[in-house]
Number of protein chains: 4
Amino acid sequence: MARQRTRDTVHRAVLSLAGEGRVGAITMEGIAARAGVSKQTLYRSWASTGAILFDALLARSLDDDGSVVLPDSGDLAHDLEELATGMVAELSDPTHGPLLRAVTAEMQSDDALAEEFRRLLLGPQMKAVSDRLRRGGVAEADDVAELFVGPVLHRWLLRSRPFDTGWVSAHVARTMRAAGVV
Amino acid sequence: MARQRTRDTVHRAVLSLAGEGRVGAITMEGIAARAGVSKQTLYRSWASTGAILFDALLARSLDDDGSVVLPDSGDLAHDLEELATGMVAELSDPTHGPLLRAVTAEMQSDDALAEEFRRLLLGPQMKAVSDRLRRGGVAEADDVAELFVGPVLHRWLLRSRPFDTGWVSAHVARTMRAAGVV
Amino acid sequence: MARQRTRDTVHRAVLSLAGEGRVGAITMEGIAARAGVSKQTLYRSWASTGAILFDALLARSLDDDGSVVLPDSGDLAHDLEELATGMVAELSDPTHGPLLRAVTAEMQSDDALAEEFRRLLLGPQMKAVSDRLRRGGVAEADDVAELFVGPVLHRWLLRSRPFDTGWVSAHVARTMRAAGVV
Amino acid sequence: MARQRTRDTVHRAVLSLAGEGRVGAITMEGIAARAGVSKQTLYRSWASTGAILFDALLARSLDDDGSVVLPDSGDLAHDLEELATGMVAELSDPTHGPLLRAVTAEMQSDDALAEEFRRLLLGPQMKAVSDRLRRGGVAEADDVAELFVGPVLHRWLLRSRPFDTGWVSAHVARTMRAAGVV
DNA sequence: TTATAAGCGAGACGGTACGTCAGGTCTTCCG
DNA sequence: CGGAAGACCTGACGTACCGTCTCGCTTATAA
């Protein structure tokens with residue numbers, strides 16, 4: 001509904017706000033002020049700050065690559081390691097990380113946002129992973145994908161431990177064993 | 001600072017609010033009104049709704065059993081299955097589940113709360129799990145505990161899929177394989 | 001900043017509150033509730049209850065006559081008597097009186113309000129009185145104006161005695177003697 | 001009811017608070033804290049901050065001279081000038097002035113306080129003035145006392161003008177003319 | 001060329017909640 | 001056992017945002 005120009009302005013505003021600290025303190029008024037846009041313009045296109053954050057996140061993901069593309073070298077272990085390293089990097093990114101954190105938080109009490117998140121971001125990514133696993137000969141590919149991604153998010157969302165080096169390789173090895181392909 | 005009587009009243013209020021819908025909409029004023037307590041009394045003892053929710057959650061956990069007690073029948077697979085089933089039940093509980101969801105959400109932007117959560121709830125529970133694994137002969141017990149718990153939380157926090165029956169057994173089997181004890 | 005419609009609503013609310021008892025108990029919240037207006041709307045235009053009361057008082061004064069108009073019959077004694085009678089009537093008015101009392105009280109600890117009061121209400125009125133005196137041939141017109149008005153306010157603010165009949169004429173006579181025009 | 005020791009402590013606390021700025025911001029809690037006394041102790045003896053301020057004011061007046069004593073040299077004009085100068089000095093005093101200002105403000109909406117003020121402070125003083133006038137041969141002594149004191153309070157309470165030098169003498173002269181004794 | 005509208009910024013508005021302060025009352029506990 | 005310490009309920013404070021709404025000022029088309 002909003003013109004692309006407006007969307008871009010808003011995205012830029014949101015990213016700049018997200019990059020300068022407390023993502024939880026992002027408000028409609030703040031975004032409007034930063035973007036030099038009226039509140040009406042925001043409400044015309046988005047239902048909540050969560051929706052804007054998610055939209056910005058999505059736009060950012062699509063800027064990098066039109067769709068989800070995973071490494072496929074033929075060597076499953078190698079690809080999984082590359083994949084996990086990429087995830088860790090993304091979650092540790094000073095802009096992307098907090099943004100994703102905020103969206104995940106809002107999802108907990110916003111069903112519509114959760115649905116969008118699953119449909120447009122999480123679903124395709126999980127599917128890409130399980131496809132790669134399936135191509136590698138893994139039987140219960142969906143479940144193993146979850147086994148692979150779950151611990152990463154556990155560590156990140158529950159903020160239990162930083163991602164120490166060395167952990168990724170060990171995790172890949174464990175995943176391979178669980179998948180029964182080693 | 002707050003008297004035990006007051007704490008109990010507040011916990012009861014919070015649980016009743018949590019049980020009746022939108023946990024994200026819980027406010028200091030709402031809790032005060034429901035508990036028949038003044039806002040000052042809340043602020044004297046807790047810094048945020050998140051802190052109150054967490055305190056209630058903790059009190060509830062400690063009501064059931066003074067400390068973390070896990071099944072220990074000697075049969076690791078059997079115990080893990082029981083453990084996972086218990087977790088799923090807890091996360092699906094109409095009061096406990098939403099409460100935990102809200103706390104997890106607030107943790108994303110409240111470092112102090114996150115620290116408390118780790119120290120008093122998550123830490124001891126993860127330690128209990130890894131202790132049980134270690135007793136069962138698992139080498140990388142901490143990491144395997146994460147591998148075991150991670151996918152459960154992934155499914156629940158990202159709201160990707162319900163906990164279908166049969167999944168638990170398969171998940172335990174995969175965990176055992178990853179741990180190298182089968 | 002506030003629209004005239006809003007100002008009017010607020011003035012009406014304040015006058016109704018002032019008319020029904022304890023002027024000292026007038027609060028921002030009370031005014032907002034009575035006027036059916038949000039607190040923000042009040043704070044956007046006025047700094048304190050005192051400022052609102054004063055604004056209402058001023059609007060009320062200007063409703064009656066655009067500016068300060070005093071009797072000018074040519075007979076100074078007669079005009080002063082009319083003037084004093086008018087003042088007494090105003091101070092005894094069940095709405096105007098308490099309002100003025102409250103504003104005077106707040107002035108004692110609010111410099112900005114005191115300044116406004118002097119500039120827009122007291123100043124013009126005192127000037128009108130001294131102008132009339134000067135036209136009547138009084139030399140130290142400003143000081144005599146003070147001599148004329150002072151005892152009225154003394155009696156009213158210190159709440160020493162009611163305005164008994166007969167006092168006004170005697171007071172006018174004394175003022176004329178002091179002014180040296182009799 | 002309160003022991004003299006306590007009363008003194010509280011008076012000292014009130015005076016020190018009054019001397020350091022915003023008299024309007026004096027609170028029961030503040031006085032209790034400053035005096036090292038519990039709130040209960042205050043409420044046991046005084047009904048409001050106004051009552052405490054007034055009590056302190058009264059104690060201070062009585063410290064100087066047990067009762068109201070006015071100059072009586074035989075020369076009325078001279079005595080009035082001395083009296084007026086004393087009043088101006090008192091109203092300009094950095095502690096006494098603000099205290100009196102605060103009490104006068106609270107009187108506007110506290111009938112009990114107003115009654116006490118009239119009975120114990122204003123009444124005796126006005127009576128002393130009119131007695132002196134009567135001794136000087138003034139007929140309407142009560143009214144002339146009001147004529148004498150009124151303009152001083154007008155200037156001070158309505159904060160219209162500072163007490164410029166020279167004004168006092170002129171004011172005394174006008175009062176004498178009004179009283180018909182010149 | 002002039003109206004006539006559509007689109008948008010600005011921000012007033014009624015609300016809800018925030019976090020704080022003080023008012024009074026009541027309880028606890030120490031000297 | 002009297003008084004300080006302070007927890008407690010209450011009510012108001014002044015502020016931040018919410019989501020809706022009206023107002024005027026462009027800017028672009030239709031008379």
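Keep in mind the model is a prediction, meaning the values are calculated, not measured. Below, chains carry the letters A, B, ... as their sequence lines are ordered, and counting in each starts from 1.
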Interface polar pairs with nucleotides 14-16 of chain E, N/O, under 3.5 angstrom:
from	atom 1	to	atom 2	distance (Å)
E/dG14	OP1	C/Gly36	O	3.4
E/dG14	OP2	C/Ser38	N	3.2
E/dG14	OP2	C/Thr41	OG1	2.9
E/dG14	N7	C/Ser38	OG	3.0

- Query: Which is it for C/Asp110 and C/Phe54 under the side-chain contact (heavy atoms from CB on, under 4.5 Å) test, yes or no, and what are the steps along the way?
  - Reply: CA-CA 12 Å; C/Asp110 182 339; C/Phe54 174 64; over 6 Å; no
- Okay, side chain of B/Ser61, backbone of B/Leu57: is any donor-acceptor separation there less than 3.5 Å?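 Yes.
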- Message: Please check this pair: side chain of D/Thr41 against backbone of D/Val37, looking for a donor-acceptor N/O pair closer than 3.5 Å.
- Response: no
Could you check how far [atom1] of [X] sits from [atom2] of [N], rounded to whole Å?
X: D/Arg5; N: F/dG3; atom1: CZ; atom2: P; result: 12 Å
X: B/Tyr43; N: F/dC8; atom1: OH; atom2: C1'; result: 17 Å
X: C/Arg34; N: F/dA12; atom1: CZ; atom2: P; result: 13 Å
X: C/Trp46; N: F/dT15; atom1: CH2; atom2: C1'; result: 18 Å
X: A/Ile26; N: F/dC18; atom1: CD1; atom2: C1'; result: 16 Å
X: B/Leu42; N: E/dC18; atom1: CG; atom2: C1'; result: 13 Å
X: B/Ile31; N: E/dC18; atom1: CD1; atom2: C1'; result: 13 Å
X: B/Ile52; N: E/dG19; atom1: CD1; atom2: C1'; result: 13 Å

- Working for side-chain contact (heavy atoms from CB on, under 4.5 Å), residues A/Ile31 and A/Trp46: CA-CA 12 Å; A/Ile31 298 170; A/Trp46 297 278; over 6 Å; no
- Message: Pick the closest DNA chain E nucleotide for B/Ser48 and for D/Gly30 by heavy atoms, then say which residue is nearer the 5' end.
- Response: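 In this pair, the answer is B/Ser48.
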- Scan residues 11-25 of chain A for pairs that pass side-chain hydrogen bond (donor to acceptor under 3.5 Å, both in side chains), counting only residues two or more places apart or in two chains. A/His11-A/Asp55, A/Ser16-A/Arg34, A/Glu20-A/Arg34
- Task: Please assess A/Met28 against A/Thr49 for the test side-chain contact (heavy atoms from CB on, under 4.5 Å), listing each intermediate value before the final yes or no.
- Result: CA-CA 6 Å; A/Met28 287 303 222; A/Thr49 53; 4.1 Å; yes
- Query: Side chains of D/Gln108 and C/Thr104: is there a donor and an acceptor less than 3.5 Å apart?
  - Reply: no
- Keeping to residues at least two apart or across chains, list the salt bridge (Lys or Arg N to Asp or Glu O under 4.0 Å) pairs with something in residues 23-32 of chain B.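 Matches after skipping sequence neighbours: B/Glu29-B/Lys39.
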- Query: Within 45° of the axis and under 6.0 Å from the centre of the six-membered ring of A/Trp156, does NZ or CZ of A/Arg101 qualify?
  - Reply: yes
- Task: Give, ordered by number, those residues of residues 13-20 of chain C having at least one heavy-atom distance below 4.0 Å to an atom of DNA chain E; if nothing qualifies, reply none.
- Result: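 Within residues 13-20 of chain C, no residue comes under 4.0 Å of DNA chain E.
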- Query: Which letter, B, S or -, goes with each nucleotide of nucleotides 24-29 of chain F from 5' to 3', with contact meaning a protein heavy atom under 4.0 Å?
  - Reply: ------
- Query: Partners of D/Asp93 by salt bridge (Lys or Arg N to Asp or Glu O under 4.0 Å), sequence neighbours excluded?
  - Reply: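 In terms of salt bridge (Lys or Arg N to Asp or Glu O under 4.0 Å), with neighbours along the sequence ignored, D/Asp93 is linked to D/Arg60.
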- Message: Under the criterion side-chain contact (heavy atoms from CB on, under 4.5 Å), I'd like the reasoning laid out for C/Ile52 against C/Ile26: C-alpha separation, chi angles, the key distance, then a yes or no.
- Response: CA-CA 10 Å; C/Ile52 303 185; C/Ile26 289 183; over 6 Å; no
